[in-house]
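All values reported here derive from a predicted model rather than from experimental measurement.
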Amino acid sequence: SVASPSAVPSPGSSLVERSPSASPRTSQPLQTASVISKKTVPVSVYKVDNQCRDFVSEKTSVPANQPIMGAIGKVLENADSADFSLSGYRVNVASGVATIDLRVAPASKRQLASLSSCEQMAIFGSLRKTLTSNAQWKIKSVRFTDRGKEVVL
């Protein structure tokens with residue numbers, strides 16, 4: 001008698017299980033379209049290679065209304081690790097200089113200065129290369145701050 005009631009929800013729960021797996025395939029493009037502005041522009045985003053020696057260019061689309069923020073987000077999407085994480089960032093562009101204020105998460109065990117040279121290249125180098133290589137933004141140099149204080153590497 002106990003097995004019978006639990007057997008009744010089972011088909012229902014298997015439908016629920018199937019629904020999420022089918023859902024991302026059908027709703028993902030719609031969800032992405034609603035989050036990102038409908039109009040996108042192509043940009044080159046640079047990420048560090050496997051040997052941590054050079055940058056690899058990757059074409060991607062970012063929101064036309066916030067292309068710089070979109071490109072920075074693409075670069076930073078893999079920045080978090082087990083003991084380092086960013087809670088956010090702000091960007092200010094003035095006279096060809098982009099200032100990126102990185103916000104290290106309060107729970108992060110490591111700070112920007114404690115990152116290895118490869119990790120620093122992956123974050124700072126990739127951001128600098130991405131912003132200065134997309135000529136349409138007219139960015140000549142990139143500065144980094146941590147909650148308003150200059151980051152010295």
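- Nearest approach of Ser108 to Phe84, heavy atoms of both residues: OG-CA, 3.3 Å.
- Residues Leu86 and Val45 share a hydrophobic cluster, clusters being chains of Ile/Leu/Val/Met/Phe/Trp/Tyr side chains in contact below 4.5 Å.
- Taking CD1 from Ile100 and CZ from Arg90, the interatomic distance works out to 14.0 Å, rounded to the nearest 0.5 Å.
- For the residue pair Ala71 and Val62, the shortest heavy atom distance occurs at N-CG1, 3.6 Å.
- In summary, the side chains of Gln111 and Ser114 do not present any donor paired with an acceptor at a separation below 3.5 Å, with no hydrogens or angles considered.
- Taking a 6.0 Å sphere around CZ of Arg53, one finds it holds 12 or fewer heavy atoms contributed by other residues, nucleotides or ligands.
- In this structure, the side chain of Asp146 does not engage the main chain of Val151 through any donor-acceptor pair within 3.5 Å.
- A side-chain donor-acceptor contact under 3.5 Å links Glu119 to the backbone of Ser116.
- The two residues Asp80 and Ser85 make their nearest non-hydrogen contact at OD1-CA, 3.3 Å.
- Between Arg128 and Phe144, some side-chain heavy-atom pair lies under the 4.5 Å cut-off.
- Among Thr60, Leu127, Val48, the single residue meeting the side chain to side chain contact (heavy atoms under 4.5 Å, CB included) criterion with Val75 is Leu127.
- Within the 4.5 Å cutoff, the side chain of Met69 has heavy atoms near those of the Val91 side chain.
- The neighbour count for Asn50 CG, taken as heavy atoms of other residues, nucleotides or ligands under 6.0 Å away, does not exceed 12.
- In this structure the side chain of Lys47 never reaches within 4.5 angstrom of the side chain of Val56, judged on heavy atoms.
- Linking Ile, Leu, Val, Met, Phe, Trp and Tyr whenever their side-chain heavy atoms come within less than 4.5 Å leaves Ile72 and Phe55 in two separate clusters.
- A donor-acceptor contact closer than 3.5 angstrom links the side chains of Arg143 and Thr99.
- In this structure, a donor-acceptor pair under 3.5 Å is present between the side chains of Ser44 and Lys59.
- Using a distance-only test at 3.5 Å, with no hydrogens or angles considered, a donor-acceptor pair links the side chain of Ser133 to the main chain of Lys129.
- How far CD of Gln66 is from CD1 of Ile68: 10.0 Å, rounded to the nearest 0.5 Å.
- Here the closest heavy-atom approach between residue Leu102 and residue Tyr89 is recorded as CD2-CB, 4.0 Å.
- Taking the charged nitrogens against the carboxylate oxygens, Glu58 and Lys74 have no contact shorter than 4.0 Å, which rules out a salt bridge.
- Residue-environment remark: CZ (Arg103) exceeds the threshold of 12 foreign heavy atoms within 6.0 Å.
- Side-chain contact annotation: Asp101 with Thr145, donor-acceptor N/O pair under 3.5 Å present.
- For the pair Val142 and Phe124, the minimum side-chain heavy-atom distance is 4.5 Å or more.
- In terms of heavy-atom proximity, Ser126 sits nearest to Ala122 at OG-O, 2.8 Å.
- The line from OH of Tyr46 to CG of Leu131 is 11.5 Å long, rounded to the nearest 0.5 Å.
- In this structure a side-chain-to-backbone donor-acceptor pair under 3.5 Å is missing from Ser61 to Pro42.
- A distance-only check finds no donor-acceptor pair linking the side chain of Asn134 to the backbone of Gln136 [under 3.5 Å].
- Between Val41 and Pro63, the closest heavy-atom pair is CG2-O, 4.4 Å.
- In this structure a side-chain-to-backbone donor-acceptor pair under 3.5 Å is present from Arg147 to Val104.
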